[in-house]
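Only one structure is covered here, and it is reproduced in the block below.
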2 protein chains.
Amino acid sequence: MSRKDAGNRDLMNRRRVLATAAGVGAGLLGMTVKGTEADSTRVQGDAPSTLGARSPFEQLERKPLAGVVSLTPLERLEGTITPADLHFERHHAGVPRIDPSRHELLMHGLVERPLAWSIQELRRFPSVTRTCFIECSGNYFPRAGEFSPPHLVCGLTSQSEWTGVSLATLLREAGVRTGGTWLLAEGADAAVMSRSIPMDKALDDALVVYAQNGEALRPAQGYPLRLLLPGWEGNTNIKWLRRLEVTDAPAMSREETSKYTEPMKNGSIRQFSFEIEARSIITQPAHPAVIEPGWQEIRGIAWSGRGRIARVEVSTDGGRTWEEAALQGPVLAKAHTRFRLPWKWDGESTELLSRATDETGYVQPSLKQILAVRGPGSAPYHFNPVTGWRVQRDGELRFSPTG
Amino acid sequence: MSRKDAGNRDLMNRRRVLATAAGVGAGLLGMTVKGTEADSTRVQGDAPSTLGARSPFEQLERKPLAGVVSLTPLERLEGTITPADLHFERHHAGVPRIDPSRHELLMHGLVERPLAWSIQELRRFPSVTRTCFIECSGNYFPRAGEFSPPHLVCGLTSQSEWTGVSLATLLREAGVRTGGTWLLAEGADAAVMSRSIPMDKALDDALVVYAQNGEALRPAQGYPLRLLLPGWEGNTNIKWLRRLEVTDAPAMSREETSKYTEPMKNGSIRQFSFEIEARSIITQPAHPAVIEPGWQEIRGIAWSGRGRIARVEVSTDGGRTWEEAALQGPVLAKAHTRFRLPWKWDGESTELLSRATDETGYVQPSLKQILAVRGPGSAPYHFNPVTGWRVQRDGELRFSPTG
């Protein structure tokens, strides 16, 4: 289709009308011949297999970066579930190889009964399933250039249906003693990654999970056990979980001082900034897609660590006007929520923006608003600015960090 | 743990108490040494990768059977999402290899405007995401013996988060003419699999889907396009969809006469029995698991093609008494719903049963009730009997088909 005749087309303009009965016959015949690589109706297909592979026409992959992360290709995904092999990864000393039959979870410290559980023992407890996102608090790349696709803007967020045992259940088993107000959670990786978790969160909605999208956790997500703290920054969701120590104060472990704190404008340092604030991104259309004038659907995801997404507004004119996008239900708390808005591009340059509001009333800020609070020394943690895509007259899209 | 001391253990009895402070230290040290294959804290782990593989300790696979199906390992799964590579497959002439750039969907017949769409054109339409199961109507194996695990009882049901375009949208584009009361849906496989679909269903909740659990459909599930008829028997969800013809009557195609009809007791044949009736199965514990006395959680899935699951009752005494299981929310319509019930096994032989009721009030029948209606000539379609697991004193479980 040339761009010139696009203006004459209606909402569902990407079609070819087969006008006559003869046309239908020819179209049908043509489809049979050219609709498949050979003619798929004349060749016996592949036999049933033990594992269903992807089509060779779908080359999906995460993007490894800097030796410590790989990014989820958000622009290639639909709906809200991230396939397990495309879930982002971030680790501080690589992905350990763990034999589950030798792995144990120890609970000790300020408890009545120090306990250790095998994986099989944990699987016998009452189980809970919950769909939620995990996002790295460092999910912002200050140097993302205009040629960045969505995964280079915020590809450190992914979503799964997780299953495991409630941490409150395990704490009841051990019996928390007076003064037990924090937990130190420790992983079995070579970084011995550890974070201090307030007891309130542990007793609220924390899970010790062993399954992800129906199957066992993948190694990059913590196999065989992971702490799941719905809505809290990714690094607190300790992977390869092996130890929970009930304490009366935060442990001030390496990763809660050397990283994961935010200098503020007044010179103070914000620490234990656990909750992920509301954020959104348009994933389609986005760089490197090239669009044509006419109707298309703007699609993206929005999420908040504080609860449900209440509203996503989209601007197709660089922020002058905003329209409310449709949210795909069921809208779950602390979960990626798919938003959509039909849009008819007139072929002129413009900018597409999205802005999320969660059920607490929190509104995703602009970069300018964040910097006004955080100052020039800002570390790239908990950066959730409104970002955009500049649409060029040639149909190409460019990342716009300032929203 | 020996079975003898099981009676003394409480709900969370699968634990080892570390009684002293010294014990804690020893346990911790012991765990570090034997808790991993080597000591995973002393070895740099694997670098980030493009695709996250499964742990080598988790050998998951579908079970190919009879050259035309492969079965989802229900007993190995948690939650409700089936990983795409474990989604069951059933095909009549193998899985075709289709180049999506050459694939088109044709709509013709009793329409104002015959149309053809490419995959890219379909992706520009307003999209819809829905999580639901697909079950083969032949998901019953009359010869499933007592050593059958759940996948051999009903492994032809799986669940995904599907994304695509509403069929009603496409029908509005083409404009259905007077008398257009049926659709013939046709696939591009070597069976040219085709089924007649009433227009009411097409306009209700039918989708033409291109994505499954976030990514493009897998070939075994219809890549690049599949008709999705939520709650209707699997074979009507035409895979490799290439043609939709609006008609004024069912086409009486091969697969709606040679298969997928049910002889009834009175000598008549039931045809176009589209809806999947409510069903359930306990997936844990189940053959080939071996259980120990004490507390564990009975887990399973329930589903109905007619709407939401309202209730799942579980009997742990061979049907004498029934207890209501907890349902994991959100409970979605026409979707696998996870149910759970804590159970303390006393070590005696018994039988575990589950029985689903959907929101229409339909109650999953016994095999005897089905045979009373269907007679001795019953074809194995739309068989959804209550089934059970006989628990032996040695902790082994045996499939029990009569419920």
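Sequence lines set the chain letters: A, B, ... in the order given, protein chains first and strands last, and positions in each chain run from 1. Only a predicted model underlies this, so the values are computations on that prediction, with no experimental measurement involved.
- In this structure, chain A has heavy atoms under 4.5 Å from both the backbone and the side chain of B:Thr80.
- Interface check for chain A: of the options B:Gly329, B:Ala93, B:Ala326, the most heavy-atom pairs under 4.5 Å are formed by B:Ala93.
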CA sep, side-chain torsions, deciding dist, call: B:Thr41, A:Arg242, side-chain contact (heavy atoms from CB on, under 4.5 Å):
CA-CA 11 Å; B:Thr41 66; A:Arg242 69 169 187 176; 3.6 Å; yes
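- Of the atoms belonging to B:Ala211, it is side-chain heavy atoms, and not backbone ones, that fall under 4.5 Å from chain A.
- Only the backbone of A:Asp189 comes within less than 4.5 Å of a heavy atom of chain B; no side-chain atom from C-beta onward does.
- Residue with the most contacts toward chain B among A:Pro83, A:Pro73, A:Ala47, A:Ala84: A:Pro83 (heavy-atom pairs, distance under 4.5 Å).
- With rounding to the nearest 0.5 Å, the separation of CZ in A:Arg340 from OG1 in B:Thr129 is 4.0 Å.
- The most heavy-atom pairs under 4.5 Å with chain A, out of B:Lys63, B:His91, B:Gln221, B:Arg90, come from B:His91.
- Of the two parts of A:Gln44, the backbone and the side chain both hold a non-hydrogen atom closer than 4.5 Å to a non-hydrogen atom of chain B.
- A donor and an acceptor atom, one from each side chain of B:Ser127 and A:Glu78, are nowhere located under 3.5 Å apart.
- The CZ atom of A:Arg54 sits 4.5 Å away from atom CZ of B:Arg218, with the distance rounded to the nearest 0.5 Å.
- Nearest approach of B:Leu332 to A:Pro330, heavy atoms of both residues: CD2-CG, 3.9 Å.
- Neither the backbone nor the side chain of A:His87 comes within contact range of chain B; no heavy atoms are under 4.5 Å apart.
- Between A:Gln120 atom CD and B:Glu292 atom CD the span is 10.0 Å, to the nearest 0.5 Å.
- Contact annotation for A:Val69: only backbone heavy atoms (N, CA, C, O) come within less than 4.5 Å of a heavy atom of chain B.
- The backbone N or O of B:Glu215 lies less than 3.5 Å from no partner atom in the side chain of A:Arg76, so there is not a single donor-acceptor pair.
- The parts of A:Arg123 that come within reach of chain B are both its backbone and its side chain, each placing non-hydrogen atoms under 4.5 angstrom from that chain.
- Listed options A:Pro285, A:Pro96, A:Pro219 were ranked by heavy-atom pairs under 4.5 angstrom with chain B; first place goes to A:Pro219.
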Run A:Arg338 and B:Glu161 through salt bridge (Lys or Arg N to Asp or Glu O under 4.0 Å) and show every step you take.
CA-CA 12 Å; A:Arg338 178 64 59 176; B:Glu161 186 198 60; over 6 Å; no
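- Looking only at heavy-atom pairs under 4.5 Å with chain A, the residue among B:Asp85, B:Ile81, B:Thr50 that has the most is B:Thr50.
- Contacts between A:Ala53 and chain B at a heavy-atom distance below 4.5 Å involve the backbone alone (N, CA, C, O).
- Across every non-hydrogen atom of B:Leu60 and A:Leu51, the tightest pair is O-CD2, 3.6 Å.
- For B:Val128, the parts lying near chain A are the backbone and the side chain together; criterion is any non-hydrogen pair under 4.5 Å.
- Within the model, atoms CG of A:Asn213 and CG of B:Leu86 stand 11.0 Å from one another, a figure rounded to the nearest 0.5 Å.
- When atom types are taken as modelled, the side chain of B:Glu58 and the backbone of A:Ala216 share no donor-acceptor pair closer than 3.5 angstrom.
- Remark: side-chain polar atoms of B:Arg62 are paired, donor with acceptor, to backbone N or O of A:Ser49 under 3.5 angstrom.
- What you find for A:Gly67 and B:Pro48 is that their closest heavy atoms are O-CD, 3.2 Å.
- When atom types are taken as modelled, the side chain of B:Ser40 and the backbone of A:Ala188 share a donor-acceptor pair closer than 3.5 angstrom.
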